[in-house]
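Counting starts at 1 for both ligands and their atoms, following the listed order. Side chains included, hydrogens not; waters and symmetry mates left out as well; all remaining heavy atoms used.
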Amino acid sequence: MDWVEEFYSRTGAWWGGAEAVVSDDDRERAGRIRAHTGDGPRKVLELGSGYGGAAVATALAGHDVTAVELGARADHTPRLAGENGVRVTLVRGDFYTTDPGGPFDVVAYWDGFGVGADDDQRRLLTRIAGWLTPGGVALIDVYNPFDWAAQHGVREHRDARPGDGYPHELDRLFTFDQRACVATDTWWETARPDRRYSQRLRCYTPADLALLLTGTGLTLHGTHHDDDDSWSYLAVMGAAAP
Ligand SMILES: C[S@@+](CC[C@H](N)C(=O)[O-])C[C@H]1O[C@@H](n2cnc3c(N)ncnc32)[C@H](O)[C@@H]1O
């Protein structure tokens, strides 16, 4: 997991000028919380909150939000919260070791679950089970192996668009290890092909996710798949029966 801080901080420095905003996707994420927990303000813990757009959208929807983020993307969160007139409790740290307080009605992890090995996911899922109130819900985006496998070998070139907040010309390569079920997403500045940055993401089918949950204190309530966005699906989980 040693690549995590460098990868997200570096790519955040490339894209933050354009993407450190409260986007429609962030508002849609806040909407998922309402869809899965009903009306009423909730106490929400967001893991790996990146720039903080979803955390701010969730606070704008009336919830009490704590956001945990390791990397430099979090530098944008206080500004985004201030611009939108909401309060987000930002915990700068590693969600494997930090204490975010709690308990929480909702633990959300948008676009990020799957870093490290199965034991690392189990450790995190066990922590999530411990952070939830009785009846609380975990909402976690899980990477879909079928979609990522179909991208194996695909390359992408992105021209610089400084006017849109993308000042760097970039290249990207996707690969997928079918044995380990791990997608590798590698980026580099076109002018510096020798210096590449990769994220490695363990993907799980819903059936494999259900097996992964064994012994963590969580059980899978259901999965939601979006035909327009098939690289991940939303897993909805709650406390397992004792
Ligand atoms: C793919 S990014 C997504 C960010 C945000 N959720 C979004 O959708 O825009 C994953 C984020 O999780 C953060 N992250 C990964 N592992 C973490 C850890 N152990 N503790 C805290 N944050 C972590 C990364 O730094 C990164 O910002």
#### Entry: E189 and Y197 side chains, donor-acceptor separation under 3.5 Å
no
#### Entry: Proximal atoms of ligand 1 relative to G93 (non-hydrogen, under 4.0 Å)
20 (N), 21 (C)
### Summary
heavy-atom search around atom 10 (C) of ligand 1 in the protein gives D111 O, 3.6 Å
### Task
Before signing off on this row, confirm whether S49 and ligand 1 have an N or O atom pair separated by under 3.5 Å.
no
### Task
Looking only at protein heavy atoms, identify the closest one to atom 22 (N) of ligand 1 and say how far it is in Å.
L70 N, 3.3 Å
### Message
Checking H225 against T223: is there a side-chain donor and acceptor pair closer than 3.5 Å?
### Response
yes
### Query
Does a donor on one side chain sit under 3.5 Å from an acceptor on the other, for T98 and R92?
no
### Query
Which atoms of ligand 1 are found less than 4.0 Å from any heavy atom of D94?
18 (C), 19 (N), 20 (N)
## Note on the structure
Nearest non-hydrogen contact to atom 7 (C) of ligand 1 from the set R29, E19, Q199, R92 belongs to R29
### Query
For atom 26 (C) of ligand 1, which candidate among W110, F7, Y8, Y109 provides the closest heavy atom?
Y8
### Query
For N144 and S232, does a side-chain donor sit closer than 3.5 Å to a side-chain acceptor?
no
### Task
Using only heavy-atom distances, determine whether the side chains of D26 and Y51 contain a donor-acceptor pair under 3.5 Å.
no
### Query
Would you call the rings of Y8 and W3 parallel, tilted or perpendicular, where under 30° means parallel and over 60° means perpendicular?
tilted
### Query
Nearest protein heavy-atom contact for atom 25 (O) of ligand 1: which residue, which atom, what distance?
E69 OE2, 2.5 Å
### Task
Measure centre to centre between the rings of F176 and H152, then say whether the value is under 6.0 Å.
no
### Query
Relative to each other, are the rings of Y143 and W148 parallel, tilted or perpendicular (30° and 60° limits)?
perpendicular
### Message
As an exercise, identify every atom of ligand 1 less than 4.0 angstrom from a heavy atom of V4.
### Response
15 (C), 16 (N)
### Message
Using a 4.0 Å heavy-atom cut-off, which part of Y51 comes near ligand 1: side chain, backbone, both, or neither?
### Response
neither
### Query
Is any N or O atom of F95, backbone or side chain, closer than 3.5 Å to an N or O atom of ligand 1?
yes
#### Entry: Option set G53, G48, G50, criterion heavy-atom distance to atom 6 (N) of ligand 1, minimum
G48
